[in-house]
Protein chains: 2
Amino acid sequence: MRPDGQRRSTIKDVAEAAEVGVATVSRVLSGTGSASRETREKVLAAAARLDYRPSALGRNLRRRRTGGIGLLVPDITDVFYARLADGVLSCARSAGEAVWTGATGDDPEREAHLIGTLIEEGVERVIAVPSGDGEMWGPALRHGLGVVFAERAVAGADHVPAVVSDERTGVRTAVEYLAGLGHRRIAFLARHGQTQRVRAFREALAARGVPVDDELIVQAQATRDAAYAAAAGLLQHRSDVTAVVAGGNLLGEATVLAARELDVRVPRDVSLIMFDDVPWAELCHPPLTVISQSAQDMGYRAAELVLREGRRARSITLPTELIVRASCGPRR
Amino acid sequence: MRPDGQRRSTIKDVAEAAEVGVATVSRVLSGTGSASRETREKVLAAAARLDYRPSALGRNLRRRRTGGIGLLVPDITDVFYARLADGVLSCARSAGEAVWTGATGDDPEREAHLIGTLIEEGVERVIAVPSGDGEMWGPALRHGLGVVFAERAVAGADHVPAVVSDERTGVRTAVEYLAGLGHRRIAFLARHGQTQRVRAFREALAARGVPVDDELIVQAQATRDAAYAAAAGLLQHRSDVTAVVAGGNLLGEATVLAARELDVRVPRDVSLIMFDDVPWAELCHPPLTVISQSAQDMGYRAAELVLREGRRARSITLPTELIVRASCGPRR
DNA sequence: ACACATGATGGAATCGTTTCCATGAGACCG
DNA sequence: CGGTCTCATGGAAACGATTCCATCATGTGT
């Protein structure tokens with residue numbers, strides 16, 4: 001791995017090469033303290049000659065703080081989380097911070113394990129789309145980690161700031177739009193754990209005077225297969241539904257696929273609104289009407305929050321937007 | 001950030017609490033060396049009581065090696081790279097390694113900067129989709145980093161192992177499929193830097209006896225806007241093209257969009273083959289015929305390679321697969 | 001009973017950096 | 001000219017872990 005067998009040069013090597021003390025080298029290179037022009041040049045020259053890079057290990061150990069941000073998302077393959085990660089990466093880059101990424105797979109156990117690694121690694125700032133409950137995050141908080149939640153909040157951890165989108169309004173907008181088109185039998189296809197959205201769905205229905213049918217609220221695990229099964233089951237079993245709200249882009253994708261498979265035409269037979277405006281929503285046939293939430297922004301804001309060390313961070317709610325395309329029509 | 005104002009407990013604290021020496025604590029906790037059952041229990045109890053986590057900083061400094069893998073991709077938002085990242089994450093998790101992620105934006109300067117950060121951070125294994133040339137990677141290699149390239153190889157760095165897909169065969173398959181349908185005016189929409197694919201395209205054309213028209217090979221930057229501009233320009237300027245091969249999912253997306261905008265029907269007016277099988281390829285109208293390459297596998301294999309420290313790693317070429325859907329038809 | 005092996009244990013060195021502190025050399029002012 | 005102040009500089013401690021080595025107690029074989 002190290003072909004020349006030559007070990008990495010340290011500050012001591014530079015000090016010797018420049019014929020000064022290590023303290024002087026450190027001062028010159030970090031820009032703190034004072035040094036004569038002559039010494040500065042000597043040090044800089046020696047450092048360049050030896051291709052010296054200060055080791056973050058030594059520095060961090062001394063300073064007792066590691067830089068870097070931990071980022072925990074359920075699935076980096078999901079466009080929504082990829083965009084969220086991109087927002088975090090972007091903010092971290094402008095702050096000069098490195099980002100440590102982990103995929104939890106929505107599994108609290110894996111999440112706990114990743115948090116453990118994070119703590120050992122000395123990362124002290126974490127942005128997470130939490131899978132576990134409040135209790136699970138106790139150890140992390142007790143260890144003094146700066147945590148910011150994104151996309152979801154955790155019930156038992158109200159003091160942890162969170163960046164979420166205004167799901168209530170988003171769901172209500174979708175329901176009112178569909179109700180306005182005359183739909184009464186509206187189904188909600190949710191990912192497990194989207195309790196907020198389910199509640200908002202119930203409320204919105206109630207507000208329009210539409211009776212809530214529990215059978216029309218189906219929850220699925222966050223995998224393609226589970227989503228497809230849920231969507232197909234719903235469309236097959238309840239042929240009376242005339243509109244579907246999908247709680248995420250995976251669910252939306254599954255619904256389109258299942259509808260096509262079952263020869264259910266969108267929007268003639270059922271109308272469809274999906275959460276998340278992904279690129280393919282426009283490419284899809286028909287182009288999908290969506291509730292857009294800016295994942296990128298969400299990630300960026302979360303990173304800002306977690307980097308703002310001192311002050312107590314407040315939670316942030318981001319707006320959602322209804323983007324009308326062609327997947328909704330009047331009740332058949 | 002640390003509400004209880006209580007600093008993180010160290011091995012020394014545990015040693016005092018358990019009334020033993022620090023060496024003993026280290027031995028018990030790391031499982032090396034021997035210790036009596038009694039002491040072991042005392043230490044374990046004390047560690048649990050103090051919620052002790054060994055600091056990776058101290059350990060790594062002493063061992064003079066940091067764990068962890070650096071991952072550099074152009075854009076995490078691109079499904080292909082997201083999947084590649086997922087493969088890396090998956091392999092790293094089973095090896096118990098942490099992953100530092102950075103987005104280069106296909107900018108050699110940003111890439112160089114990220115490499116610098118990685119080196120300072122003590123990360124000594126990097127998986128990269130390289131943007132810069134061989135010269136740019138010199139410093140990294142001289143520093144003894146274990147580098148593995150993914151998706152693309154770098155011309156000036158032949159000794160660096162790379163995991164790429166068999167672009168030559170992939171392109172040839174696409175061209176032969178189209179030529180078999182009677183197409184003669186076939187355009188290739190490439191991302192800047194896809195020299196391998198462009199060359200393969202020329203060769204495949206020549207092999208079929210089709211004259212190569214340089215104007216039908218257009219290269220675009222790796223952004224949505226640039227891709228759209230290139231696709232629209234091609235379709236508008238050269239109405240004689242009857243088939244397009246898109247060198248990536250971004251280019252494919254742009255082509256679909258541009259075609260729709262310009263009222264060019266797929267596949268009636270032009271046939272389209274896209275590199276990368278992304279979920280929306282099936283949802284698209286019409287469903288897209290694609291050259292599939294397993295990004296996930298690519299990431300996993302790259303991670304395997306970079307983790308296999310000792311032995312000299314060989315490059316790997318992954319197969320591609322033509323998946324026929326409905327975006328290609330006979331020449332009009 | 002003695003030499004020796006074995007096992008348990010703690011002290012101290014070490015890793016590479018930052019930073020506190022002491023020292024020495026000029027500079028400046030009265 | 002002497003006192004004080006500032007600036008440049010280097011030695012050494014500290015950070016938290018691992019690990020070498022010395023020490024001591026306890027068997028064990030002859």
Side-chain angles (χ1 to χ4, degrees), chain A residues 6-44 46-47 50-68 116-117 119-124 143-144, chain B residues 2 6-44 46-47 50-68 117 119-124 143-144:
Chain A
Q6 166 194 312
R7 85 184 200 297
R8 195 175 149 161
S9 49
T10 72
I11 198 172
K12 212 170 156 190
D13 301 326
V14 178
E16 277 171 19
E19 296 174 306
V20 297
V22 289
T24 307
V25 176
S26 174
R27 269 190 302 259
V28 168
L29 260 30
S30 66
T32 62
S34 53
S36 71
R37 197 173 49 78
E38 193 192 4
T39 342
R40 187 169 11 247
E41 279 168 7
K42 269 200 303 185
V43 170
L44 257 24
L50 293 179
D51 206 9
Y52 169 71
R53 289 284 196 157
S55 151
L57 266 66
R59 189 203 338 261
N60 292 339
L61 180 54
R62 170 64 218 232
R63 291 215 186 126
R64 266 192 296 190
R65 57 166 288 268
T66 312
T117 313
I119 292 177
E120 290 194 3
E121 213 65 37
V123 174
E124 63 218 340
H143 260 283
Chain B
R2 198 162 296 164
Q6 165 194 314
R7 83 185 199 300
R8 199 174 144 160
S9 50
T10 73
I11 198 174
K12 211 171 155 190
D13 300 327
V14 178
E16 278 171 17
E19 296 173 306
V20 297
V22 289
T24 306
V25 176
S26 174
R27 270 190 302 259
V28 169
L29 260 29
S30 66
T32 63
S34 53
S36 70
R37 198 175 48 80
E38 192 192 3
T39 347
R40 186 166 17 246
E41 278 168 6
K42 268 200 302 184
V43 170
L44 257 24
L50 294 180
D51 204 9
Y52 169 71
R53 290 284 197 156
S55 152
L57 267 64
R59 178 187 9 240
N60 291 339
L61 181 55
R62 171 64 218 238
R63 291 213 187 128
R64 268 192 297 189
R65 59 164 287 270
T66 312
T117 311
I119 292 177
E120 290 194 2
E121 215 64 41
V123 174
E124 62 217 344
H143 261 284

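In the text below, chain A, chain B and the rest are named by the order of the sequence lines, each starting its count at 1. Quick caveat, the model's predicted, so the values are computed rather than measured. These numbers come from the heavy atoms of this one structure, side chains and all, not from hydrogens, waters or symmetry mates.
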Quick one: which of [options] gets closest to the side chain of [X]?
| X | options | answer |
| --- | --- | --- |
| A:R64 | D:dT18, D:dC15, C:dT18 | D:dC15 |
| B:T39 | D:dC20, D:dG11, C:dA8 | C:dA8 |
| B:S34 | C:dT17, C:dG7, D:dA17 | C:dG7 |
| B:P54 | D:dT19, D:dA12, D:dA17 | D:dA17 |
| A:R59 | D:dA17, C:dT18, D:dT9 | C:dT18 |
| B:R62 | D:dC15, D:dT18, D:dT9 | D:dT18 |
| A:T24 | D:dG10, C:dG11, D:dA17 | D:dG10 |
| A:R63 | C:dA8, C:dG16, C:dT19 | C:dT19 |

Can you measure [X] atom [atom1] to [N] atom [atom2] for me and round it to whole angstrom units?
| X | N | atom1 | atom2 | answer |
| --- | --- | --- | --- | --- |
| A:E38 | C:dA25 | CD | P | 16 Å |
| A:N60 | C:dC15 | CG | P | 19 Å |
| B:E16 | C:dG10 | CD | C1' | 14 Å |
| B:R8 | D:dA14 | CZ | P | 21 Å |
| B:D13 | D:dC15 | CG | P | 11 Å |
| A:I11 | D:dC15 | CD1 | P | 19 Å |
| B:R40 | C:dG7 | CZ | P | 13 Å |
| B:E124 | C:dC15 | CD | C1' | 14 Å |

key: Lys/Arg-Asp/Glu bridge criterion (N-O < 4.0 Å) met for A:E16, A:K12   =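 The answer is no: the pair does not qualify as a salt bridge.
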task = Would you mind checking if A:K42 and A:E38 are paired as a salt bridge, meaning a charged N to carboxylate O distance below 4.0 Å?
result =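 Result for this pair is no, no salt bridge flagged.
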inquiry  = If I compare all heavy atoms of A:R8 with all of A:R53, which pair ends up nearest, and what's the gap?
reply    =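 Shortest heavy-atom contact: NH2-O, 3.3 Å.
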Least distance between heavy atoms, A:V25 atom then A:V14 atom =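 Distance-wise, the nearest heavy atoms are CG1-CG1, 3.8 Å.
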task = Tell me which of B:R27 and B:K12 sits closer to the 5' end of DNA chain D, going by the nucleotide each one is nearest to.
result =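 It is B:K12 whose nearest nucleotide is closer to the 5' end.
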task = Please state whether the base of C:dG16 and the side chain of A:R53 form at least one donor-acceptor pair under 3.5 Å?
result =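 Counting by modelled atom types and ignoring angles, no donor-acceptor contact under 3.5 Å is found here.
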With a non-hydrogen cut-off below 4.0 angstrom, is [X] in contact with a base, only sugar-phosphate, or nothing?
| X | result |
| --- | --- |
| B:S26 | base |
| B:L57 | nothing |
| A:A35 | sugar-phosphate |
| B:G58 | base |
| B:E19 | sugar-phosphate |

inquiry  = Quick check: on DNA chain C, is the nucleotide nearest B:S36 upstream (toward 5') of the one nearest B:L61, or the reverse? Name the residue that is more 5'.
reply    =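 Closest to the 5' end, via its nearest nucleotide, is B:S36.
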ask   = What distance separates B:T24 OG1 from B:L29 CG, expressed to the nearest 0.5 Å?
value =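 Rounded to the nearest 0.5 Å, the OG1-CG separation comes to 11.0 Å.
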ask   = Are more than 12 heavy atoms from other residues, nucleotides or ligands located less than 6.0 Å from atom CD of B:E19?
value =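 No, because the 6.0 Å sphere around CD of B:E19 holds 12 heavy atoms or fewer from other groups.
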